[in-house]
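Since the structure comes first, as C-alpha cells, the remarks are kept for the end.
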2 protein chains.
Amino acid sequence: MEPAGLRADARHNRDRILGAAREAYAARGLDVPMGAIARRAGVGVATLYRRFPSRESLITEVFGDELATCAAVVDEALADPDPWHGFCAAIEKVCAMQVADRGFTDAFLTAFPEAIDYERTRARAERGFAEVIRRAKAAGRLRADFAMADLTLLLKANCGVTDGAGQAAAAGSRRLVAYLLQSFRAEHAEPLPPPPRLTLAHLHAPTPR
Amino acid sequence: MEPAGLRADARHNRDRILGAAREAYAARGLDVPMGAIARRAGVGVATLYRRFPSRESLITEVFGDELATCAAVVDEALADPDPWHGFCAAIEKVCAMQVADRGFTDAFLTAFPEAIDYERTRARAERGFAEVIRRAKAAGRLRADFAMADLTLLLKANCGVTDGAGQAAAAGSRRLVAYLLQSFRAEHAEPLPPPPRLTLAHLHAPTPR
DNA sequence: GGCCAACCGGACGGGGTCGTCCACTTACCT
DNA sequence: AGGTAAGTGGACGACCCCGTCCGGTTGGCC
C-alpha cells in the first residue's frame with residue numbers, strides 16, 4: 001500500500017495525489033477528471049498515471065481506509081453490550097459516512113465489484129453484521145422478518161437521499177434512517193412484501209445494461 | 001404538442017423518434033446519446049435535432065404525459081374516501097412508476113427545473129398532495145409530524161433503491177415503501193430528527209456545484 | 001406529371017475525458 | 001562531484017458526445 005522503493009520526490013507526489021483525490025472525491029463525487037486531480041495535486045497527468053495505472057486503481061487506493069473504517073463500525077456494533085443499540089449505531093454511522101463523503105458512497109457502492117480487497121472486507125463486514133442482526137433479534141428488539149437485504153436497501157435508499165441534496169443531505173439522511181429504524185423495531189412489525197434478492201455485493205452496478 | 005403543419009414523412013419520423021426515445025430512456029435512464037436514439041429511430045441526427053432543437057426539449061416532450069399521470073395519481077388520492085388509503089396508494093403508485101421507467105425518475109427528478117410545464121404540474125401535484133396529507137392526519141392515521149419534505153425524502157430514497165438494481169428493483173422498492181408507510185402511521189409515532197428543508201422542487205440538482 | 005419547398009441524412013467542428021509517449025530533470029549512490 | 005536510473009510534465013492520439021451545415025431527396029399541391 002505504501003511502496004517503500006520509491007524515490008523521495010516520487011513518494012511526496014504520490015501523497016499529494018492521494019490527498020487531492022480524497023478531497024475532490026469527497027466534495028464532488030467520483031466523476032472527477034483525472035486531469036483535475038493532477039492539477040489540484042500540482043503534478044502532471046503522466047505522474048498520476050504512472051503511480052496509479054488506471055482511474056480505478058486510484059479510487060481503490062483512496063477509499064481503502066474508509067472501507068476499513070466501515071468494517072470497524074461493524075466490529076463496534078458487535079462489541080456493544082446492547083445489541084439493538086449496536087445495530088442502530090452502526091447503521092447511523094455508516095449513513096453519516098455516506099453523507100460526509102460523497103465519493104465514498106459511489107466508491108464502493110457503484111464501482112469495481114472486482115477489487116479483491118473490497119470483496120474480502122465486505123464479506124467480513126457482512127458476516128459481522130449478520131451476527132449483529134442475529135443478536136438484535138434474539139434480544140427481541142429487531143423484527144424477526146428483517147433480512148440482510150434490508151440493510152442493502154437502507155444503504156441504497158440513503159444513497160438516493162444523499163445524492164445531490166447538498167445542504168439538506170445530512171438532515172434528510174438522519175430523518176430517513178430514523179423512520180426506517182422505527183419500522184425495524186420488533187413491536188412495530190406488520191406483514192411486509194418479501195425482501196429483494198440483494199446482497200451487499202449487489203450495491204454495485206448502477207447501470208444494468 | 002402534435003404540430004399539424006408537418007408533412008406526412010416528417011410527422012412519421014417524429015413519432016418514430018419519440019417512440020425510440022421513450023424505449024431507450026425507460027430501459028437505460030436519461031443518459032442515452034442523441035445519436036443512439038436517432039439510430040434506433042432509423043433517422044439521421046439532423047432530423048432529430050430539427051424536430052427537437054435540444055436534448056432537453058426531447059426529454060420534456062417524452063415525459064410530459066408521464067408527469068401528467070403522476071399528477072393524476074394525486075387526484076385519485078384526493079378522490080379516495082379513505083384518506084389514509086389514498087395516501088398510501090398514491091405513494092405506492094408513484095414509486096412503482098419510478099421502478100417501471102428508469103428514465104422517468106431522472107427525467108423530472110434530476111433534470112430541467114426550468115421546464116415551465118413541469119413546474120406548473122409539479123406545483124399542482126404538490127398542492128394536491130398537501131391536502132391528501134392534511135386529510136390523512138385529520139383522520140388520525142398519518143403521524144402529525146409528517147412533513148411534505150418527507151415525501152421528497154421517500155421519492156429520493158426510492159430513487160436510490162431503483163437505480164441500477166435491475167431485477168431486484170421492484171421488490172426492493174415495494175419493501176422500502178412498506179417499511180416507510182409503517183413508520184408514517186400515527187400509532188407508531190416517536191420523536192424524529194427535524195425534516196430536511198426539501199420541496200419537491202429540490203428533487204432536482206444532482207450536482208450541488 | 002411537374003415543381004418547389006420542406007425534409008432528409010451523413011459529415012463536420014467544438015468540447016471533453018482517458019491514457020500514452022518522449023524529451024528533459026533530478027534524486028541518490030559511489 | 002558526477003553518472004545514471006528513476007521520475008517528471010506537457011503534448012498527443014483515440015474516443016465519445018452535442019449540435020450544425022449542406023448537398024441530395026421527396027411529399028404534396030397545381
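Residue numbers start from 1 in every chain, and the chains themselves are labelled A, B, ... in the order their sequence lines are given, proteins ahead of strands.
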So, using salt bridge (charged side-chain N to carboxylate O under 4.0 Å, His left out) as the criterion, who are the partners of A:Glu131 when residues are at least two apart? A:Arg134, A:Arg135
Whole angstrom is fine here: how far is it from CZ in A:Phe52 over to P in D:dT8? 12 Å
Whole Å only: how far is the CG atom of A:Leu30 from the C1' atom of C:dT17? 15 Å
Are the ring centres of B:Phe87 and B:Phe129 closer than 6.0 Å? yes
For A:Asp80, give me all partners under side-chain hydrogen bond (donor to acceptor under 3.5 Å, both in side chains), at least two apart in sequence or on another chain. A:His85
Quick one: salt bridge (charged side-chain N to carboxylate O under 4.0 Å, His left out) partners of A:Asp75, sequence neighbours excluded? A:Arg124
According to salt bridge (charged side-chain N to carboxylate O under 4.0 Å, His left out), who are the partners of B:Arg50, at least two apart in sequence or on a separate chain? none
With sequence neighbours excluded, residues passing side-chain hydrogen bond (donor to acceptor under 3.5 Å, both in side chains) with A:His12: none
Quickly work out the A:Leu48 CG to D:dG7 C1' distance and round it to whole Å. 14 Å
Pairwise salt bridge (Lys or Arg N to Asp or Glu O under 4.0 Å) hits with a residue in residues 170-182 of chain B, at least two apart: A:Asp150-B:Arg175
Mind calculating the distance between CG (A:Leu58) and P (C:dG19) to the nearest angstrom? 11 Å
Whole-Å gap separating P (D:dG9) and CD1 (A:Ile37): 15 Å
What residues form a ring-ring contact (aromatic ring centres under 6.0 Å, His included) with A:Phe184, not counting sequence neighbours? A:Phe146, B:Tyr179
Would you indicate, yes or no, if D:dG7 has its OP1 or OP2 atom less than 4.0 angstrom from a side-chain nitrogen or oxygen of A:Asn13? no
For D:dG9, does OP1 or OP2 lie under 4.0 Å from any side-chain N or O of A:Thr47? yes
Distance, rounded to the nearest Å, where A:Arg51 contributes CZ and C:dG19 contributes C1': 16 Å
Single hit among B:Ile37, B:Leu58, B:Val62 for side chain to side chain contact (heavy atoms under 4.5 Å, CB included) with B:Phe52: B:Leu58
For B:Glu56, is there any backbone N or O sitting under 3.5 Å from a side-chain donor or acceptor partner on B:Thr60? yes
Could you say whether B:Val32 or A:Gly42 is positioned toward the 5' end of DNA chain D, judged by the nucleotide with the nearest heavy atom to each? A:Gly42
Could you check how far CD1 of B:Ile17 sits from C1' of C:dG9, rounded to whole Å? 12 Å
For a quick check, with a 4.0 angstrom heavy-atom cut-off, what is the B/S/- contact string for nucleotides 23-28 of chain C, read 5' to 3'? ---BBS
Distance, rounded to the nearest Å, where B:Arg14 contributes CZ and D:dG27 contributes P: 20 Å
Under 3.5 Å between N/O atoms: give me all the protein pairs with nucleotides 1-4 of chain D, atom names plus distance.
none

List the residues meeting side-chain hydrogen bond (donor to acceptor under 3.5 Å, both in side chains) with B:Arg185, not counting sequence neighbours, and say none if there are none. A:Glu190, B:Glu187
With heavy atoms under 4.0 Å as the rule, sort A:Arg39 into base, sugar-phosphate or nothing. nothing
Residue list, side-chain hydrogen bond (donor to acceptor under 3.5 Å, both in side chains) with B:Lys137, at least two apart or on another chain: none
List every contact pair, protein side and nucleotides 19-22 of chain D side both N or O, where the distance is under 3.5 Å.
from: D:dG19; atom 1: OP2; to: B:Tyr49; atom 2: OH; distance (Å): 3.3
from: D:dG19; atom 1: OP2; to: B:Arg55; atom 2: N; distance (Å): 3.3

